[in-house]
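First comes the structure, then the notes that go with it.
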There are 2 protein chains.
Amino acid sequence: MPGLVHVVDDDASFRTAIERRLKLSGYDVATYASAQELLDRLPDDSKPGCILLDVRIPGLSGPELQSRLIELGSTVPIVFLTGHADTPTTVRAIKAGAEDFLTKPVSSEQLIDAIERALARQEASRHHRRKLESLRALVATLTPREHQVFDLIVRGKINKQIGHELGTTERTIKAHRHQVMEKMQVRSLAELVSIAERLGLLDADKA
Amino acid sequence: MPGLVHVVDDDASFRTAIERRLKLSGYDVATYASAQELLDRLPDDSKPGCILLDVRIPGLSGPELQSRLIELGSTVPIVFLTGHADTPTTVRAIKAGAEDFLTKPVSSEQLIDAIERALARQEASRHHRRKLESLRALVATLTPREHQVFDLIVRGKINKQIGHELGTTERTIKAHRHQVMEKMQVRSLAELVSIAERLGLLDADKA
DNA sequence: AGTTATTTCAGACCATTGTCCCAGTGGTCA
DNA sequence: TGACCACTGGGACAATGGTCTGAAATAACT
């Protein structure tokens with residue numbers, strides 16, 4: 001599956017030139033004349049892709065677009081490509097998670113390298129997020145009561161304590177516990193705790 | 001406790017000027033004329049401190065020193081301060097974890113800001129590493145056999161399976177298990193699994 | 001009005017773990 | 001040799017968790 005590169009630049013001739021170069025290297029390309037244009041047809045996180053972004057563009061600037069995307073929860077990696085790079089902007093962009101910060105003119109090698117890294121990172125983070133997402137989906141199937149029981153189980157409470165804490169009997173907790181194990185598709189307490197840990201549900205009192 | 005700033009620069013007059021400015025702001029300062037000099041009397045990770053590092057210095061360059069320190073396992077945050085910053089170097093330094101990348105001349109405000117961020121990050125990461133270190137210390141008290149049992153317990157195996165897998169009886173595993181819980185200072189399986197997860201001991205088969 | 005989901009609870013029974021007590025073997029080290 | 005530790009195992013018992021079958025009340029939605 002070829003990567004999709006979203007090129008954002010206000011210079012039409014530059015866009016077509018880059019588009020040609022990237023397509024020759026086997027990438028799919030979508031071009032945008034402004035940050036707003038990209039926001040309007042927002043790239044889908046679920047497909048492998050990255051953004052090739054100019055810093056100085058009319059309207060929303062490159063870094064401003066980066067901030068907006070982060071706020072929106074997007075994880076599409078960004079490669080900045082600009083004519084003039086000042087150090088503070090570069091530092092901020094990279095610290096905000098940009099994959100690279102290139103200056104025009106850029107060699108094809110540099111460009112392809114950066115895009116490949118961006119796509120690889122996107123791929124890795126997608127896999128990771130998918131796993132977490134599937135776990136969260138399982139947790140979402142729990143009823144409120146089951147969720148309470150789940151929380152207390154993974155904190156090491158025993159059924160008796162949980163029953164007392166929730167104002168019910170040990171027998172009932174046993175039933176809930178069975179449901180929790182069933183819905184979370186685990187067969188051991190260890191797996192359940194492991195899931196809770198990876199979802200950050202145990203950080204509250206372990207801090 | 002005042003932060004200790006390690007200033008590495010080959011320009012003696014610059015070192016004394018910076019030292020004066022930093023001491024006026026309440027920091028302790030140690031100066032080094034070269035990267036090698038800093039490596040020779042290596043800053044102690046255990047004290048709050050950061051490195052103010054010039055990029056172009058005779059011998060080992062700033063980024064080269066950064067690499068060496070990372071290889072050595074140091075986590076002292078680095079603030080680069082250089083006369084001339086080119087974009088690739090800036091990008092590499094930040095991606096390698098540098099706290100900031102400033103250009104001379106630098107305003108006191110910028111400088112202090114960067115140092116404060118570096119010290120704050122050092123402090124946070126120190127807390128985190130200390131917690132992990134204390135957990136690892138507990139694990140280290142386990143005998144080889146106990147460690148094996150520990151691994152299998154947190155993977156959800158039951159005593160019977162563990163006994164079979166290790167070629168011994170369930171009764172013996174019970175004894176080991178008791179020792180493990182004792183030494184790890186936990187009273188529930190949940191806590192044990194949580195510790196294993198945080199130490200990354202469960203990633204092998206959960207990938 | 002009927003259906004469904006949620007939460008509640010029971011008895012009986014087995015499996016698993018935890019906790020006392022105890023003890024032998026083999027290795028290391030002063 | 002004597003002390004210590006790791007590893008091994010046993011008996012007896014209590015505590016806890018898991019499974020099976022069954023049931024009832026409440027709320028929400030169709």
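Computed from a prediction, not measured in an experiment: that's the story for all the values here. Each chain gets a letter, A, B and so on, in the order the sequences are listed, and its residues count up from 1.
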Check: With a 4.5 Å limit on heavy-atom distance, are the side chains of B:Leu69 and B:Leu39 in contact?
Finding: yes
Checklist line | Annotated protein contacts, base or backbone, on nucleotides 11-30 of chain D with a non-hydrogen cut-off under 4.0 Å, one of B, S, - each | finding: B----SBBBB----------
Notebook entry, point to check: With a 4.5 Å heavy-atom cut-off, do A:Glu133 and A:Arg129 have their side chains touching?
Noted result: no
Check: So do the side chains of B:Leu22 and B:Ile115 get within less than 4.5 Å of each other, counting heavy atoms only?
Finding: yes
Next item on the list: Figure out the CG/P separation between B:Leu142 and D:dC5, and round it to whole Å.
Entry: 16 Å
Protein N or O to nucleotides 4-7 of chain C N or O, pairs below 3.5 Å:
from	atom 1	to	atom 2	distance (Å)
C:dT7	OP1	A:Arg145	N	3.1
C:dT7	OP2	A:Thr143	OG1	2.1

Checklist line | Pairwise side-chain contact, A:Leu199 with A:Ile195, heavy-atom cut-off 4.5 Å (strictly under) | finding: yes
Margin query: Quick check against the 3.5 Å criterion: does A:Glu116 have a side-chain atom that pairs as donor or acceptor with the backbone of A:Asp113?
Written below: no
Note to self: What I'd like to find out is whether the side chain of B:Gln66 reaches to under 4.5 Å of the side chain of B:Phe80, using heavy atoms alone.
What the structure shows: yes
Next item on the list: For residues B:Val91 and A:Asp100, determine if any side-chain heavy atom of one lies less than 4.5 Å from a side-chain heavy atom of the other.
Entry: yes
Distance-only donor-acceptor hits, side chain of residues 137-147 of chain B, under 3.5 Å, sequence neighbours excluded:
from	atom 1	to	atom 2	distance (Å)
B:Thr141	OG1	B:Leu138	O	2.6
B:Thr143	OG1	B:Glu146	N	3.2
B:Thr143	OG1	B:Glu146	OE1	3.3
B:Arg145	NH1	B:Gln148	OE1	2.8
B:Arg145	NH2	B:Leu166	O	2.9
B:Glu146	OE1	B:Thr143	N	2.9
B:Glu146	OE1	B:Lys183	NZ	2.8

